[in-house]
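Inspection log for the structure reproduced underneath, given as structure tokens.
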Amino acid sequence: MHLALYLETGIHQGGWRHPDCSISGGMDWKVYKAVAKRAEAACLDMVFVADKLSIDDNYGQHFAQSVRYRPVVRPEPMTLLSALAAVTDKIGVGGTVSSSYQPPYSVARMLANIDHISGGRAAWNVVTSVSDGEARNYGRSHHYSHAERYEKASEFIDVVTRLWDSWGDGALLPRTEDGFYADPEHMRYINHNGRHFTVKGPINLPRPPQGQPVLIQAGVSEAFIDLAARNAEVIFVVMPTLERAKAFYSSIKARAQAFGRDPSSIKVLPGIVPILGNTWEEALAHESHLKSLIRPEAGLSFMSASMNFDLGQYPQEALLPDISEAITGSKGRFQYVIKQAVERGMTVGEVGKWYAESLSFFSPVGSPKEVAGKLIEWYEAGACDGFVILPPYLEMEGDLFLDKVVPLLQHAGVFRTEYPGETLRDTFGLSKLKNRFE
């Protein structure tokens, strides 16, 4: 199986308050560096840095509740990945870029540079962003419609990958003896004139070592599935149950095959929030402690931004109404969450605390042996190709998942004990993509 590690203060909205958390909610380079090195020592495929382009201000139409009750610091991914690439040798470095608000030429240059710096270990997660708060930081009063942002994402991916292909692999041939620097026959304009972007090219960097950095996409909506089946090489997905994960896995693989792709060229990695203890009883106590640290407002402000819908208009003691059709942000993920909450008769405050526990990811609780067993069960049931590990919080030392779960997976023969090659494509078992122009 494949394992990626999510580098964040803590996905569990009580995690940042836990006494073992090494990050207080700010930016701590020493922790990121130490965790990345430990993940590499455990032979994980990749470390991953998510992004958001604003401080959430949808809940109550202001940022006050977000900044008051949960961490809102977001390190800029590309600069952090460059630093992580410089202090690691084998592990992949992946990060989020927004196709809605970032220019494709700049993104192509940054990622090509990171791929060169890392020796072919870069990955990029293309997201469409979700909220009006992000839109207002980029000259818009409202976010793009669901359909428009996915249309824009498709064009964005096409432009970025064509820019990488604007250099042939043999274009750069510097010869000091006769002054021959590069072969213009292996370089070209892309001359893109589309609905959303106009880019002439070529890029002013050689083609990345991987040809193209590994393309990640994350989501579950119908629009996402269609885009991912055509383009994605790794898919991050929110699947809280084994049954839903199996259905999604078979669906996305079949859709990719229908588009003429080899299903094995897409790696599906559900996110998991493991709650671990040395024993089952210790894990339950750990889970209970983490839950006690959650403020309802932490989950409600997170949900409001992700759905692009203000939950602050409802009293916390009121039953949550069915707002599925009002969601304009992350649709596929939250329509399921709202449906579950309404069916259970949960209040608004209860939903906030419940969602803040795992953000609707699968959250196995138990000893290392029990959690490893759950992961193997999902993997062998055909629900995934591996997992994105979202720790409740980051620790400088003593992480039970890296120290005890990974060795159990290795002993069971489902996870590697050494890296298979030099690039992230080697690690994921993906081939280098051919240059479309050659």
Side-chain angles (χ1 to χ4, degrees), residues 6-17 23-27 48-77 80 95-102 125 127-146 149 218-219 221 236 238 271 273 293-316 320 323 326-335 337-338 341 348-349 351-361 390 392-393:
Y6 199 83
L7 282 182
E8 193 172 306
T9 302
I11 203 74
H12 191 292
Q13 296 304 297
W16 68 277
R17 299 178 63 193
I23 296 182
S24 62
M27 173 62 195
F48 175 76
V49 181
D51 198 20
K52 187 173 285 187
L53 302 175
S54 68
I55 289 179
D56 295 338
D57 63 354
N58 298 62
Y59 185 64
Q61 301 300 305
H62 196 269
F63 60 71
Q65 302 287 45
S66 296
V67 303
R68 187 173 285 136
Y69 298 119
R70 65 183 175 89
V72 295
V73 172
R74 288 277 183 174
E76 193 286 310
L80 180 53
T96 292
V97 297
S98 171
S99 58
S100 294
Y101 300 115
Q102 293 174 301
N125 176 37
V127 303
T128 62
S129 297
V130 294
S131 73
D132 292 340
E134 292 172 289
R136 287 189 287 268
N137 287 334
Y138 290 84
R140 294 178 59 89
S141 59
H142 293 88
H143 190 31
Y144 296 96
S145 71
H146 197 262
R149 64 181 188 253
S221 70
F236 289 174
V238 182
V273 182
L293 299 174
I294 297 172
R295 294 279 308 224
E297 296 87 352
L300 294 171
S301 62
F302 198 113
M303 291 178 69
S304 294
S306 298
M307 294 190 299
N308 207 30
F309 181 86
D310 181 15
L311 290 172
Q313 60 191 288
Y314 304 115
Q316 288 191 24
L320 181 74
I323 57 169
I327 298 170
T328 61
S330 182
K331 284 181 175 289
R333 179 177 187 171
F334 283 96
Q335 285 173 339
V337 170
I338 298 303
V348 172
V351 172
K353 290 202 71 169
W354 169 60
Y355 184 76
E357 292 170 17
S358 68
L359 308 191
S360 198
F361 290 102
L390 301 103
Y393 49 85

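The minimum heavy-atom distance between Y393 and G15, with the atom names listed, is CB-O, 3.6 Å. Contact between N308 and H143 at its shortest, heavy atoms only, is ND2-CB, 4.4 Å. In terms of heavy-atom proximity, R149 sits nearest to G329 at NH2-O, 2.5 Å.
Cation-pi geometry between R136 and Y138 is not met at under 6.0 angstrom from the ring centre and within 45 degrees of the axis. For the pair K52 and F302, the cation-pi criterion (under 6.0 Å, within 45° of the ring axis) is fulfilled.
Residues that satisfy the side chain to side chain donor-acceptor pair (under 3.5 Å) test with S54, not counting sequence neighbours, are absent from this structure.
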Check step by step if side chain to side chain donor-acceptor pair (under 3.5 Å) holds for N125 and T96.
-> CA-CA 4 Å; N125 176 37; T96 292; 3.1 Å; yes
How far apart are the C-alpha atoms of H146 and T328, what are their side-chain angles, what is the distance that settles it, and do they pass the side-chain contact (heavy atoms from CB on, under 4.5 Å) test?
-> CA-CA 7 Å; H146 197 262; T328 61; over 6 Å; no
Would you please test E297 and R70 for salt bridge (Lys or Arg N to Asp or Glu O under 4.0 Å) and show each step?
-> CA-CA 8 Å; E297 296 87 352; R70 65 183 175 89; over 6 Å; no
Test Y59 against F309 for side-chain contact (heavy atoms from CB on, under 4.5 Å), laying out the working first.
-> CA-CA 8 Å; Y59 185 64; F309 181 86; over 6 Å; no
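Donor-acceptor pairing under 3.5 Å is recorded for the side chains of S98 and S129. Side-chain contact annotation: D56 with S66, donor-acceptor N/O pair under 3.5 Å absent.
The residues D132 and R140 are annotated as not salt-bridged, no charged nitrogen and carboxylate oxygen being separated by less than 4.0 angstrom.
Side-chain atoms of N137 come within 3.5 Å of backbone N or O of L53 as a donor-acceptor pair. Side-chain atoms of S99 come within 3.5 Å of backbone atoms of V127 as a donor-acceptor pair (strictly under, hydrogens ignored).
Here the two rings, on F361 and Y6, have centers that are 6.0 Å apart or farther.
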